[in-house]
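Structure first, commentary second.
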Amino acid sequence: MSTDNGTKKGDILVEMKDIRINGFSDERWHEIIKGVDLTLRRGEVMGLIGESGAGKSTLGKAAMGYTQPGCKLVGGTILFDGIDLAHASDGQKRELWGSRIAYVAQSAAASFNPAHRLIDQTVEATVSHHVRPAREARADAVELFRSLQLPMPDTIGSRYPHQVSGGQLQRIMTAMAMSPRPDLIIFDEPTTALDVTTQVEVLAAMRSIVEEFNTAAIYITHDLAVVAQMADFIKVLRYGEEVEEAETRKMLSKPEQAYTRSLWAVRSIEKPEQPSDDIALEIADVDAAYGGRVKVLHDVSIRLPRGRTVAVVGESGSGKSTTARVITGLLPPIKGEVRFNGQPLPRALKDRNRDQLRRIQMIYQMADTAMNPRQTVGDIIGRPVQFYLGKRGREVEKRVIELLQLIELDESFIDRLPGELSGGQKQRICIARALAAEPEIIICDEVTSALDQIVQEGILKLLLRLQKELGLTYLFITHDIATVRAISDEIVVMFQGKVVEQGPKSEILAPPHPDYTELLLSSVPEMDPDWLTQLLKSRRAEQAAG
């Protein structure tokens with residue numbers, strides 16, 4: 001099979017041999033990639049999986065000839081279409097990056113310039129590398145927005161990054177990578193910020209682009225069901241070493257190594273629901289709007305029983321995170337109120353006293369943007385210990401160490417900066433920071449979306465244990481239905497800023513379902529390589545019949 005540019009499907013595009021990369025931490029260099037090989041052909045998608053800190057993102061970036069600050073390539077060869085990236089100049093690599101090689105990052109929020117419109121950032125590399133003239137690139141970007149199921153694709157590009165949801169921003173970043181039609185795309189956890197309904201469309205669009213333009217891709221993820229839909233073959237990493245590699249169907253059905261089998265077997269948690277009429281926090285008849293103009297919440301009412309977990313689910317832009325902002329006072333409601341222990345809370349954050357602030361804490365979705373990159377882990381966790389609890393000196397350090405142990409890290413992390421942490425480690429630090437205030441209510445906004453399956457399970461077990469020991473109340477915002485099943489007592493389903501269904505977990509998850517809940521539940525990926533193909537075929541048939 002030939003393509004328009006004369007290349008053939010199946011030709012080797014990337015060949016990496018004996019890759020060795022060191023990282024600097026604790027005042028010395030450590031080997032983090034330990035002699036890994038990687039071969040990728042045109043039109044192929046490699047799934048790169050493993051737990052947090054395995055080296056997935058480091059190896060994926062190395063395929064571009066890039067190592068992040070604090071890392072260095074110390075051995076091995078990297079050939080991209082015959083070009084030696086291990087020894088190429090910065091100028092040579094910059095000519096490839098953004099034109100022939102593209103990267104879709106895990107955290108879109110940290111990857112966009114807040115001062116520029118989204119359409120300008122989407123086409124910037126395409127225009128600057130003279131792949132297409134500006135007008136043609138913009139028209140193509142709109143079509144990419146449409147294929148990625150973005151709302152108002154003709155005009156959404158005129159917005160700034162803060163004016164769209166996290167899931168929408170992640171899709172725009174995918175459009176940015178696809179714009180120049182590169183030979184190689186590195187997808188680094190590109191759907192972690194997406195709800196399951198949006199994820200289906202984005203995965204379909206990614207797969208279509210790869211197939212249509214003979215693009216090679218490395219798909220880095222901890223979501224095994226997602227990689228099953230995308231990858232032709234899977235490579236498993238652990239501690240910077242290859243565990244095994246095999247064609248996807250074989251890997252899913254008969255993994256050879258015990259470690260790989262352990263990845264397949266995780267998520268054994270299923271908390272039995274516990275009803276309660278003791279209400280810790282209540283959102284009553286709330287309307288909210290951004291800028292006082294566009295209403296985003298419509299008459300929202302939710303009750304959080306004390307010591308229980310209420311999961312809020314819904315697609316990107318449904319109002320889940322906006323509800324959390326109203327509770328915390330970051331977005332004062334224009335109607336209704338938030339009651340804590342039966343008493344109305346001041347609407348705005350600035351009007352709440354220190355004790356009111358302490359009792360309700362939030363863990364944010366994007367760990368990258370939730371921490372000051374210049375502060376150490378000790379400073380990040382220690383600040384709320386000082387601010388809310390009045391501890392000083394050695395007392396602060398002792399408490400920070402205790403909190404690190406709670407999240408399964410040790411005191412060696414105290415002096416590290418966020419840039420020295422993996423995505424999963426960053427999110428665990430954010431969890432420790434919330435716990436540092438000793439709150440009664442914690443709002444968890446997609447707190448496990450950046451974590452691999454094994455760490456997810458550990459964090460969920462930790463949160464459940466803390467809830468039992470400390471009587472914590474959780475509002476758990478998520479698009480992961482498996483997480484909902486694992487930890488919730490009650491479920492709230494939101495759509496277009498409204499609550500469309502709420503009740504005990506057993507009732508909400510039991511059929512028959514309202515149409516939107518059915519759509520959510522049917523969009524949860526399964527560990528079957530044919531699942532996405534069959535789902536899309538079924539939905540198209542339903543649309544044609546309807």
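- Nearest heavy-atom pair across Leu297 and Met494 is CD2-CE, 4.0 Å.
- In this structure, Lys461 NZ and Arg465 CZ are separated by 11.5 Å, a value rounded to the nearest 0.5 Å.
- Arg261 contributes a side-chain N or O that, together with a main-chain N or O of Pro255, makes up a donor-acceptor pair within less than 3.5 Å.
- Not a single donor-acceptor pair under 3.5 Å links the side chain of Arg238 to the backbone N or O of Glu51.
- For the pair Gln121 (side chain) and Asn113 (backbone), a donor-acceptor distance under 3.5 Å is present.
- Residues Val236 and Leu48 form no side-chain contact, since every pair of their non-hydrogen atoms from C-beta on lies 4.5 Å or further apart.
- Residue Val312 comes nearest to Lys320 through the heavy atom pair O-CD, 3.6 Å, listed as atom of the first residue, atom of the second, then distance.
- At a threshold of 4.5 Å between non-hydrogen side-chain atoms, the residues Met371 and Arg433 count as touching.
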Worksheet entry | Stepwise side chain to side chain contact (heavy atoms under 4.5 Å, CB included) test for Leu281 and Arg303 | CA-CA 6 Å; Leu281 185 135; Arg303 303 201 318 169; over 6 Å; no
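- No hydrogens or angles considered: a donor-acceptor pair under 3.5 Å links the side chains of Tyr290 and Thr322.
- The pair Asp489-Lys505 does not meet the salt-bridge criterion, since no charged nitrogen lies less than 4.0 angstrom from a carboxylate oxygen.
- In terms of modelled atom types and a separation under 3.5 Å, the side chain of Gln496 and the main chain of Gly319 share no donor-acceptor contact.
- The side-chain tip of Arg416 points at the ring of Phe413 from less than 6.0 angstrom away and within 45° of straight on.
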Item to complete: Take Thr309 and Gln467 through the test side chain to side chain donor-acceptor pair (under 3.5 Å) and record every step on the way to the result.
Response: CA-CA 9 Å; Thr309 300; Gln467 183 175 57; 2.9 Å; yes
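- Side-chain atoms of Lys61 and Gln68 include a donor-acceptor pair closer than 3.5 Å.
- Looking at Arg20 and Glu31, a side-chain N of the basic residue comes within less than 4.0 Å of a carboxylate O on the acidic one, giving a salt bridge.
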Item to complete: Check step by step if side chain to side chain contact (heavy atoms under 4.5 Å, CB included) holds for Arg399 and Val396.
Response: CA-CA 5 Å; Arg399 182 56 179 155; Val396 174; 5.9 Å; no
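- Minimum heavy-atom separation, Thr67 to Leu73: CG2-N, 4.0 Å.
- Ring planes of Tyr219 and Phe187: tilted class, angle from 30 to 60°.
- Residues Thr221 and Asp223 have side chains that never bring a donor and an acceptor to within less than 3.5 angstrom of each other.
- You'll find the side chain of Leu357 reaches within 4.5 Å of the side chain of Tyr388, heavy atoms only.
- For the pair Arg308 and Tyr474, the cation does not sit on the ring face, since its NZ or CZ is not both under 6.0 Å from the ring centre and inside 45° of the axis.
- A heavy-atom distance below 4.5 Å is not found between the side chains of Leu417 and Pro373.
- Between Glu395 and Lys398 no salt bridge is recorded (no basic side-chain N to carboxylate O distance below 4.0 Å).
- With hydrogens and angles disregarded, no donor-acceptor distance shorter than 3.5 Å links the side chain of Glu490 to the backbone of Pro305.
- Two residues are said to be in side-chain contact when any heavy atoms from C-beta on lie closer than 4.5 Å; Met46 and Leu38 meet this criterion.
- Looking at Ile442 and Ile431, their side chains never come closer than 4.5 Å, going by heavy atoms from C-beta outward.
- Remark: the backbone N or O of Leu519 is paired with a side-chain donor or acceptor of Ser522 at under 3.5 angstrom.
- The closest donor-acceptor contact from the side chain of Gln375 to the backbone of Asn372 lies at 3.5 Å or more, if one exists at all.
- Between Asp355 and Arg359, at least one side-chain N (NZ, or NE/NH1/NH2) sits under 4.0 Å from a carboxylate O, which counts as a salt bridge.
- Taking both residues in full, the closest heavy atoms of Glu438 and Arg358 are given as O-NH1, 2.6 Å, listed atom of the first, atom of the second, then distance.
- Thr248 contributes a side-chain N or O that, together with a main-chain N or O of Ala231, makes up a donor-acceptor pair within less than 3.5 Å.
- Taking 4.5 Å as the limit, some side-chain heavy atom of Ile414 sits within range of a side-chain heavy atom of Leu404.
- The backbone N or O of Met64 sits less than 3.5 Å from a side-chain atom of Trp97, completing a donor-acceptor pair.
- Nearest approach of Arg347 to Pro333, heavy atoms of both residues: NH1-O, 3.0 Å.
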Worksheet entry | Derivation of the side chain to side chain contact (heavy atoms under 4.5 Å, CB included) call for Ile220 and Ile186 | CA-CA 8 Å; Ile220 301 164; Ile186 312 298; 4.0 Å; yes
Discussion item. Walk me through whether Cys71 and Ile32 qualify under side chain to side chain contact (heavy atoms under 4.5 Å, CB included).
Written reply: CA-CA 9 Å; Cys71 296; Ile32 55 177; 3.8 Å; yes
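- Of the possible donor and acceptor atoms, none in the side chain of Gln229 sits under 3.5 Å from a partner among the backbone N and O of Val226.
- The residue from Glu241, Glu245, Glu244 that alone fulfils the salt bridge (Lys or Arg N to Asp or Glu O under 4.0 Å) condition with Lys235 is Glu245.
- Between Leu435 atom CG and Leu466 atom CG the span is 5.5 Å, to the nearest 0.5 Å.
- Taking all atoms of both residues into account, the shortest heavy-atom contact from Pro182 to Ile101 is CB-N, 4.1 Å.
- For the atom pair CD (Glu501) and OG1 (Thr517), the distance works out to 4.0 Å, reported to the nearest 0.5 Å.
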Fill in: Verdict with supporting geometry, Glu273 and Ser506, side chain to side chain donor-acceptor pair (under 3.5 Å)
CA-CA 8 Å; Glu273 66 186 54; Ser506 58; 3.1 Å; yes
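- Note that the OG atom of Ser57 and the CG atom of Leu237 stand 10.5 Å from one another [nearest 0.5 Å].
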Practice prompt. Verify side chain to side chain donor-acceptor pair (under 3.5 Å) between Thr376 and Asp415, making sure each step is shown before the conclusion.
Written response: CA-CA 5 Å; Thr376 66; Asp415 294 323; 5.2 Å; no
